[in-house]
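When reading the values below, keep in mind they use all heavy atoms of this one structure, side chains included, and skip hydrogens, waters and symmetry mates.
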Amino acid sequence: MTEKKDKQHIEELKEMIQEKKPREPVEEVLTKFCERHGVSMNTCKVYYEQLKAKGEVKEE
């Protein structure tokens, strides 16, 4: 994957997490994201960890 593609994916994942329902687990959002983009769950978790580290999403 290219760095530009990673940044696009991370931004989209951030939006999906911010728009999720209050009681919806983050894992469910990660699963939807992985399916939609054909990436592994490990990749999704790396993106999520990057967002948490930057303080762009709250840890659930």
Side-chain angles (χ1 to χ4, degrees):
M1 287 227 171
T2 65
E3 189 174 325
K4 183 177 180 182
K5 186 69 125 178
D6 284 345
K7 286 182 180 180
Q8 289 173 340
H9 281 170
I10 290 169
E11 188 61 32
E12 184 176 339
L13 179 58
K14 180 174 94 172
E15 290 171 11
M16 287 178 70
I17 291 169
Q18 289 172 342
E19 294 171 359
K20 76 177 185 64
K21 296 177 183 119
R23 300 213 186 271
E24 183 179 16
V26 170
E27 289 78 17
E28 206 169 297
V29 175
L30 294 177
T31 301
K32 289 176 191 176
F33 181 85
C34 291
E35 289 175 2
R36 186 176 294 169
H37 293 285
V39 296
S40 70
M41 182 57 93
N42 285 339
T43 300
C44 289
K45 288 180 179 179
V46 168
Y47 292 160
Y48 180 58
E49 292 300 322
Q50 289 176 8
L51 288 169
K52 285 193 314 186
K54 291 179 183 176
E56 295 187 30
V57 295
K58 294 178 190 172
E59 189 165 351
E60 306 259 331

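- Contact between L13 and C44 at its shortest, heavy atoms only, is CD2-O, 3.9 Å.
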Chi angles and distances behind the salt bridge (Lys or Arg N to Asp or Glu O under 4.0 Å) call for E49, K52: CA-CA 5 Å; E49 292 300 322; K52 285 193 314 186; 3.1 Å; yes
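- Annotation: the span from E19 atom CD to E24 atom CD amounts to 11.0 Å, rounded to 0.5 Å.
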Working for salt bridge (Lys or Arg N to Asp or Glu O under 4.0 Å), residues K7 and E11: CA-CA 6 Å; K7 286 182 180 180; E11 188 61 32; over 6 Å; no
Stepwise side chain to side chain contact (heavy atoms under 4.5 Å, CB included) test for V29 and Y48: CA-CA 10 Å; V29 175; Y48 180 58; over 6 Å; no
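- Aromatic ring orientation, H9 versus F33: perpendicular (interplanar angle above 60°, classes split at 30° and 60°).
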Evaluation steps, side chain to side chain contact (heavy atoms under 4.5 Å, CB included), between K54 and K14: CA-CA 11 Å; K54 291 179 183 176; K14 180 174 94 172; over 6 Å; no
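- Between the NZ atom of K58 and the CD atom of Q18 there is a distance of 10.0 Å, given to the nearest 0.5 Å.
- Shown here for C34 and S40, the closest heavy-atom pair between the two residues is SG-O, 3.5 Å.
- Remark: T43 OG1 to I10 CD1 distance equals 10.5 Å, nearest 0.5 Å.
- Residue K32 comes nearest to M16 through the heavy atom pair CB-CE, 4.1 Å, listed as atom of the first residue, atom of the second, then distance.
- Linking ILVMFWY residues whenever their side-chain heavy atoms come closer than 4.5 Å, directly or via other members, places M41 and Y47 in the same cluster.
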